[in-house]
Structure formats: C-alpha cells, structure tokens
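A quick write-up on the structure given underneath.
Lettering of chains follows the sequences in order, A, B, ..., and the numbering in each one begins at 1. The shown structure was predicted, so the numbers you read here are calculated from the model rather than taken from an experiment.
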Amino acid sequence: MIRLFDSVFGEVRDLDLRDPGRLSMYVCGPTVYDLPHLGHGRFTLVWDVARRWFTFRGLDVHFVSNITDIDDNIIARAEREGRTETAVATCFEAHWWEAMDRIGVARPNDVPHATQYVAEMVELISTLLARGVAYPTSDGIYFDVSRVADYGLLAGQPLESLRAGARVEANDEKRSPLDFALWKNVKSGEPSWPAPFGDGRPGWHTECVVMSLGLLGDGFDLHCGGFDLKFPHHENERAQAVAAGRPFARHWAHNGWVMVGDQKMSKSLGNFTSLTDLLEKTDARAYRLLVLRSHYRSPIEVSPATIADAERALGRLDGFARRFDLPRLAGRRLEVGSTFAWPAPALELYERVARCLDNDLDTPLAIALLFDALSSANTAADRGDESSARELALGVNALFGALGLALAGDGATVDPASAALVTQRDEARGQKDWAEADRLRDELVHLGWIVEDSASGTQIRKS
RNA sequence: GGCGGCGUGGCCGAGUGGUUAGGCAGGGGCCUGCAAAGCCCCGUACUUGGGUUCGAAUCCCAACGCCGCCUCCA
C-alpha cells in the first residue's frame, strides 16, 4: 500500500485509488514566459520520482501535466519584445522540454495546453454563472468564494480568517478580496476568445480545473504541485469544481521549495537561477541526487556547495557502476519492478527500500540504504565474493534506476594513442620499471585521463 | 493579525521515546611499487529553559531565532 502525506488532512494516509491498480495524477505545470528555474527543476524531479516509483511498484499511472501558454506574463513579455504571445510561449516551451530532457524527467502521458481548452473553460464559466456562483464586473467574470461552504479547506483556515489577512485592493468591484477572476475581458491588442459573456481570456485557476477534469475525469486520484500553489491556486481550482458539482481530486500533495540562502526562490524576489544555467556546468544527475537526498516536503538549499557535494557523491556511484560494469538504466523509460530478477540479497534490499518509498516517498532513507548496500557490495567484492557482490550491485542499480538516476558505468571511448600508453605502462609495471610507469601515468593524466590500477591492469577514464 | 513549518555533529541532510541514518569534507589504518579506487576505524550532534518519564534530539509548556502562505510564484 502506498502512503502519502495529504495536504487536506495534514497527515500521511493510504492512497485510496478511484480504480484499484490505476493512478491518475495531475501536476500543475509551468507558465512558459521565461527559462525554467531551479524551483521548476525541483518540482518536476519530485513528481517524476513519484511517478516512476508508483510505476515501478506496478501501478498503471496516468500522468498529466499542463503548459500554461496564455497569461499576463506572456502578454507582457510579448509586448515588451514586439513578438506575438504564441511566439513567446512556443519559444519558452521549447526551452522547457529541453531542460526536462536533460534532467531526465519523463514526458507526461498528456500535456494539455491552456489555449486548447478555452471552449471547455467557457462552458465551465457559463455553468458557474448559471448557478449564481460567478458574477460579472467591468473587467471580467469573478468567482464568489462565499458560495463554497468549505472554502479554505486547503488553506487550513476558514474563509473569515483568510479574508482578515487579505490585502486591501483599491477600487474593486469584487465582492470579496478573495474572489478571483475566471475570465478577463478582452483589452486591445491582447489575444482573446469568443464567449457568450464577452470576448476575453481565461484566468489561471480555471485552466487547471478544466484540464485536469477533462483528461483524468471526475474524482481523479492525486493533484500535486509546489506548496505555494496550495493557496490560492489549488483552493480555487477545487472551489470551481465543487461549485460546478463535480468531484475533484481525492488526494493533494505538495512539494517544498528551493531556498537560496535563507529565502525561498521566487519570482517576486527575483533571486532565481535558471535550470538551463545550472545544466550548462553540472551533471544533471547531481541535481536529481540532491533532490532525492532530502524529503520532498522539505525545503532544499541549492548552492554551488550543495551541488558540488552531490557531484562528488555521484562520482562514487559512477565508480561503483564501473567496478561492476552495471547496465545503464532509467533513461526515458519507466522501469517496472516485476521485470527485474531479484537474487536474495537484492530482493531484501528492494523490500527495505520499498518500505521507505511506499511510506510518503522517503527518498533520503532509501538513498541511505542504497549507499549502505553499495558499501556491502564493495566489501564482498574486496574479499573475493564476486557473485554475491554483483547480485547486490545489480539490485542497487535497479533501484537507482527506479528513481530515474542512471549510474554511469560505461567509460569513455579510449583513443588508440592513449590505449597504446596504457599498454606500455602495463609492460613497464610488469618489469617493475616504476620510473617509466610513473612517466606514462603523468602523460595520460596530461591527456585528461584518471588512471586507476587494478588486478586486471591499468584502467583509465575521463576526468 | 490568522494559518503552517523549521532550528541536528565542519557542511548538506534523515530520524525514532531506550540499539549505526546516509552523503560530503577531515583524521588514522589496511591494500598498493607509489598513487587512484575500495575497505575498516574516529569526531560521540540534536537552539535555550522548564516539565512528563526508569529513560527525550524524539512528548508537553515557555522563550529565542528563522522561514513560508494569506499578492504573481513550483
């Protein structure tokens, strides 16, 4: 049984699925008006890991994540740069997928785009108007939050206390500061779609509720996103579904954010680093390992120091993969646990790791167990027990693969000149000509190789 | 003001009422011609002050410090 912290109940609960064996999950995706930043990297990695693990455990996962391709920020950027909104969205969506590919985030089963669902949004807004839970103002259609009895469920506080903390908005026709725009009336020069209540464009909160229900159906299993989306975004999505009489997500899960120093990385603070920049100078797997080493609900510190730390740890994993010549797993493919043959020591490891991950995705504990197993395998190999060492190593590799972390066992191709130096060095060593052996090693190092001696002779790899 | 979270060894980062988290860095050792890799050992940590308990980093109370949401945000 998979258990996950549910944001509504504030506790870890059994994942109670709509259809046993099948899991429908929706993750709020990006608004494509700028390069993806580290926060995007974290949430996509967290939910990619979740999806991979659920799949590994045998669930048939239907994973949907959207692209918001129309909103104020896109319009503003288009205007500033003299491009069309479509051009801006297309450009940054391309950057998005490039980054996703590089950090090894598997593509969702469906990627709805907001602009493709406008007709359904218009329909929902019409329903809400007909039911009297939405009302027009001079600049659009608003949702009346007072009409949803349990508004504040996700925020964890009642409407009245939310209202007390809301900032005062000057000169507004809104009935409550908490009411939100379902539809924004067309302004000159801005893209718009026709609607019986006036041409315009949809509000952000309306997009996700329509797309999630549209692709996953009423009462889908799991709705995920960053903690900062819990309120008001998810609250408002839910409010619309409830007001329209449609069962919404059965479970809610939220991930912690990326910290820069002591502060949250956020748009308003302008302190974000683009994921694209990070990937320029870092092995993308290091970011995945960094994410895996802390719990998904905890904040993580991403800095040159923590990234470097993860890179060194990754180096150890890669050395392990080389030692046992492990097959490279976990690319675009989602692994399924039942397809692996688990020898006894590996099976025990799998069961222990599964206990951690099934329990609210405790990846840090799982990683700790995997590092322990790695040491055990090395120890076994050191004392000459090659076969059980290898069995355990294969298990470690399969489990890292399950989490989307490919251990790199395959070395770089060795050019003939370097290969010749290796041969000469082995000969020199055979004759105990240490001076010559050291000279040849220096030469290889100079060529950019890391030189390691082993029982089977000189091994080199790129540094 | 309301709601929520956090404070762990040099750094990152888990954790549970009583037995080793783990990684990285550092020190010592084994192995090795030397090195690298690997293995073994070591630092005996838990913001502060009370309390509950045979026993608390883990539960309760208080204090201090920090962060977040209530506005765009993943």
Run the ring-centre check on A:Phe63 versus A:Tyr26 and record whether the distance is less than 6.0 Å.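 They do not qualify: ring centres at least 6.0 Å apart.
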
Could you tell me whether A:Phe56 and A:Tyr350 have their ring centroids closer than 6.0 angstrom?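 Judged by ring-centre distance (under 6.0 Å), A:Phe56 and A:Tyr350 do meet the cut-off.
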
Heavy atoms from C-beta onward define the side chain here; which of [options] lies closest to that of [X]?
{"X": "A:Gln157", "options": "B:rA74, B:rG33, B:rC3", "result": "B:rC3"}
{"X": "A:Thr379", "options": "B:rU71, B:rC40, B:rG13", "result": "B:rC40"}
{"X": "A:Pro232", "options": "B:rC72, B:rA74, B:rG13", "result": "B:rC72"}

Going by side chain to side chain donor-acceptor pair (under 3.5 Å), name the pairs with one or both residues in residues 4-14 of chain A, residues two or more places apart or in two chains.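 Pairs touching residues 4-14 of chain A that pass the test: A:Arg3-A:Asp14, A:Asp6-A:His251, A:Ser7-A:His254, A:Glu11-A:Arg13.
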
Span that lies between the [atom1] atom of [M] and that of [N], in whole angstrom:
{"N": "B:rU47", "M": "B:rG65", "atom1": "C1'", "result": "8 Å"}
{"N": "B:rG43", "M": "B:rU19", "atom1": "P", "result": "16 Å"}
{"N": "B:rC64", "M": "B:rG23", "atom1": "C1'", "result": "31 Å"}
{"N": "B:rA36", "M": "B:rC42", "atom1": "P", "result": "23 Å"}
{"N": "B:rG15", "M": "B:rA57", "atom1": "C1'", "result": "10 Å"}
{"N": "B:rG10", "M": "B:rC46", "atom1": "C1'", "result": "15 Å"}
{"N": "B:rC54", "M": "B:rG28", "atom1": "C1'", "result": "39 Å"}
{"N": "B:rC11", "M": "B:rG17", "atom1": "C1'", "result": "29 Å"}

Grab the [atom1]-[atom2] distance between [X] and [N] for me, whole Å please.
{"X": "A:Phe227", "N": "B:rC6", "atom1": "CZ", "atom2": "C1'", "answer": "12 Å"}
{"X": "A:Phe231", "N": "B:rA74", "atom1": "CZ", "atom2": "P", "answer": "17 Å"}
{"X": "A:Glu235", "N": "B:rC3", "atom1": "CD", "atom2": "C1'", "answer": "12 Å"}
{"X": "A:His254", "N": "B:rC3", "atom1": "NE2", "atom2": "C1'", "answer": "15 Å"}
{"X": "A:Leu317", "N": "B:rA37", "atom1": "CG", "atom2": "P", "answer": "15 Å"}
{"X": "A:Arg163", "N": "B:rC3", "atom1": "CZ", "atom2": "C1'", "answer": "17 Å"}
{"X": "A:Trp96", "N": "B:rC73", "atom1": "CH2", "atom2": "C1'", "answer": "13 Å"}
{"X": "A:Ile74", "N": "B:rC72", "atom1": "CD1", "atom2": "C1'", "answer": "13 Å"}

Exercise: do [X] and [Y] side chains pair donor with acceptor under 3.5 Å:
{"X": "A:Arg316", "Y": "A:Ser375", "result": "yes"}
{"X": "A:His62", "Y": "A:Asp110", "result": "yes"}
{"X": "A:Arg163", "Y": "A:Ser176", "result": "yes"}
{"X": "A:Thr379", "Y": "A:Asp382", "result": "no"}

Between [N] and [X], counting only base atoms on the nucleotide and side-chain atoms on the residue, is there a donor-acceptor pair under 3.5 Å?
{"X": "A:Asp362", "N": "B:rG15", "answer": "no"}
{"X": "A:Asp453", "N": "B:rC34", "answer": "yes"}
{"X": "A:Arg441", "N": "B:rA35", "answer": "yes"}

Looking at every strand, decide which applies to [X] at a 4.0 Å heavy-atom threshold: base, sugar-phosphate, or nothing.
{"X": "A:Gly39", "answer": "base"}
{"X": "A:Gly319", "answer": "nothing"}
{"X": "A:Val258", "answer": "base"}
{"X": "A:Asp438", "answer": "base"}
{"X": "A:Arg425", "answer": "base"}
{"X": "A:Ser303", "answer": "nothing"}
{"X": "A:Gly10", "answer": "nothing"}

A:Asp358/A:Trp53 under side-chain contact (heavy atoms from CB on, under 4.5 Å): CA gap, chis, key distance, verdict: CA-CA 8 Å; A:Asp358 287 350; A:Trp53 180 248; 2.9 Å; yes

Given that A:Arg429 and A:Gly156 both sit by RNA chain B, which one's nearest nucleotide is further toward the 5' end?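 Of the two residues, A:Gly156 wins.
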
Name the residue closer to the 5' end of RNA chain B, choosing between A:Ala155 and A:Asp228 according to the nucleotide with the nearest heavy atom.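 First, find each residue's nearest nucleotide; the 5'-ward one identifies A:Ala155.
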
Would you say CZ of A:Arg352 has more than 12 non-hydrogen atoms from neighbouring residues, nucleotides or ligands within 6.0 angstrom?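 No.
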
Taking atom CD as the centre, does A:Glu81 end up with more than 12 heavy-atom neighbours from other residues, nucleotides or ligands that are less than 6.0 angstrom away?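 Buried by this count: over 12 neighbours within 6.0 Å.
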
In terms of base orientation, is B:rG43 syn or anti, with the syn window spanning 90° either side of 0?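 With its glycosidic angle within 90° of zero, B:rG43 counts as syn.
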
What is the per-nucleotide protein-contact pattern of nucleotides 22-31 of chain B, from the 5' end, where B denotes a base atom under 4.0 Å from a protein heavy atom, S denotes such proximity for sugar-phosphate atoms only, and - denotes neither? SBBS------

Classify the ring geometry between A:Trp252 and A:His223 as parallel (under 30°), tilted (30 to 60°) or perpendicular (over 60°).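 A:Trp252 and A:His223: parallel rings.
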
Only one of A:Tyr151, A:Phe143, A:Tyr135 clears ring pair (Phe, Tyr, Trp, His ring centres under 6.0 Å) with A:Phe180; which?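 Option passing the ring pair (Phe, Tyr, Trp, His ring centres under 6.0 Å) with A:Phe180: A:Phe143.
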
Student check: side-chain heavy atoms of A:Asp453 and A:Arg429 closer than 4.5 Å: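 A side-chain contact under 4.5 Å exists here.
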
Under 3.5 Å for both pairing distances: what stems, at least three Watson-Crick or G-U pairs long, include RNA chain B?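 So the stems come out as B:1-7 with B:64-70, B:10-12 with B:22-24, B:26-30 with B:38-42, B:47-51 with B:59-63.
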
If only side-chain N and O atoms of [X] are considered, is one of them under 4.0 Å from the OP1 or OP2 phosphate oxygen of [N]?
{"X": "A:Ser161", "N": "B:rC70", "value": "no"}
{"X": "A:Asn255", "N": "B:rA74", "value": "no"}
{"X": "A:His40", "N": "B:rA74", "value": "yes"}

For A:Phe43 and B:rA74, say yes or no: do the ring centres fall under 5.5 Å of each other while the ring planes differ by less than 30°?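 Stacking is absent between B:rA74 and A:Phe43, given that the ring centres and planes do not meet under 5.5 Å and under 30°.
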
